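Shown next, in structure tokens, is the structure this report addresses.
All values derive from a computational prediction rather than experimental measurement.
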Amino acid sequence: MSVQHPDPIERYVQIANSGTAEAASECFAPDATVYDEGRTYEGVAAIKNWMAATKKKYSHTITPLELAERGGQSILKARLAGNFPGSPITVNFTFVLADGKIHSLEIRS
């Protein structure tokens with residue numbers, strides 16, 4: 001069963017799974033922020049670096065499970081599998097979208 005989700009979220013999952021971090025500007029707004037593993041990354045250049053470093057470190061894949069809309073946020077529950085203890089785990093990717101782009105993303109297990 002596939003999860004239907006907005007284009008920026010679908011594109012993010014494709015980019016994250018393929019390891020093509022240079023394509024981040026296709027789904028992230030220029031001033032977007034990402035919060036992951038206790039750190040915040042601001043702007044597309046920092047997000048590209050984070051995506052590339054994370055992919056290199058964990059060789060992870062994201063498998064969407066379900067999507068919920070709450071208070072202006074899109075919350076994607078997904079299975080995250082890769083080279084890390086406890087893999088696979090279920091993670092919430094909380095997106096704020098505007099103008100067809102991701103303006104913020106928080107990743108929490």
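- Using a 4.5 Å heavy-atom cutoff, the side chains of I102 and L97 are in contact.
- Here the CH2 atom belonging to W50 is positioned 8.0 Å from the OH atom belonging to Y41, to the nearest 0.5 angstrom.
- Ring geometry for F28 versus Y12: interplanar angle over 60°, hence perpendicular rather than tilted (30 to 60°).
- Within the 3.5 Å criterion, the main-chain N or O of A52 finds no donor-acceptor partner in the side chain of K57.
- When side chains are defined from C-beta on, Y35 does not count as touching I107, because their heavy atoms never get closer than 4.5 Å.
- For the pair T90 and S109, the minimum side-chain heavy-atom distance is 4.5 Å or more.
- Between C27 and I15, the closest side-chain pair of non-hydrogen atoms falls below 4.5 Å.
- With sequence neighbours left out, R79 forms a salt bridge (charged side-chain N to carboxylate O under 4.0 Å, His left out) with no residue at all.
- For P64 against A78, the heavy-atom pair with the smallest separation is CA-CB, 4.0 Å.
- In summary, the side chains of Q73 and R70 do not present any donor paired with an acceptor at a separation below 3.5 Å, with no hydrogens or angles considered.
- Residues T40 and V34 form no side-chain contact, since every pair of their non-hydrogen atoms from C-beta on lies 4.5 Å or further apart.
- We find the NE2-NZ distance between H60 and K56 to be 14.5 Å, quoted to the nearest 0.5 Å.
- Using cut-offs of 30° and 60° for the angle between ring planes, the F93 and F95 rings count as parallel.
- Pairing each heavy atom of K55 with each of A16, the nearest pair is NZ-O, 3.2 Å.
- No donor-acceptor pair closer than 3.5 Å links the side chain of H103 to the backbone N or O of V96.
- The environment of D7 atom CG is sparse: at most 12 non-hydrogen atoms of other residues, nucleotides or ligands sit within 6.0 angstrom.
- Contact detail for S87 and A81: the closest heavy-atom pair is OG-CA, 3.3 Å.
- The two residues A21 and M51 come nearest to each other via the heavy atoms CB-CB, 3.7 Å.
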Original post:
What's the verdict on side-chain hydrogen bond (donor to acceptor under 3.5 Å, both in side chains) for T33 and E42, showing C-alpha distance, side-chain angles and the deciding distance?
Top reply: CA-CA 4 Å; T33 60; E42 297 181 30; over 6 Å; no
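- Side chain of N17 to backbone of I62: a donor-acceptor contact under 3.5 angstrom is found.
- In this structure, the side chains of L67 and P6 come closer than 4.5 Å at one or more pairs of heavy atoms.
- Contact check for L76 versus V13: side-chain heavy atoms found under the 4.5 Å cut-off.
- Screening residues 89-106 for salt bridge (Lys or Arg N to Asp or Glu O under 4.0 Å) gives E106-R108 as the qualifying pairs, with residues at least two apart or on separate chains.
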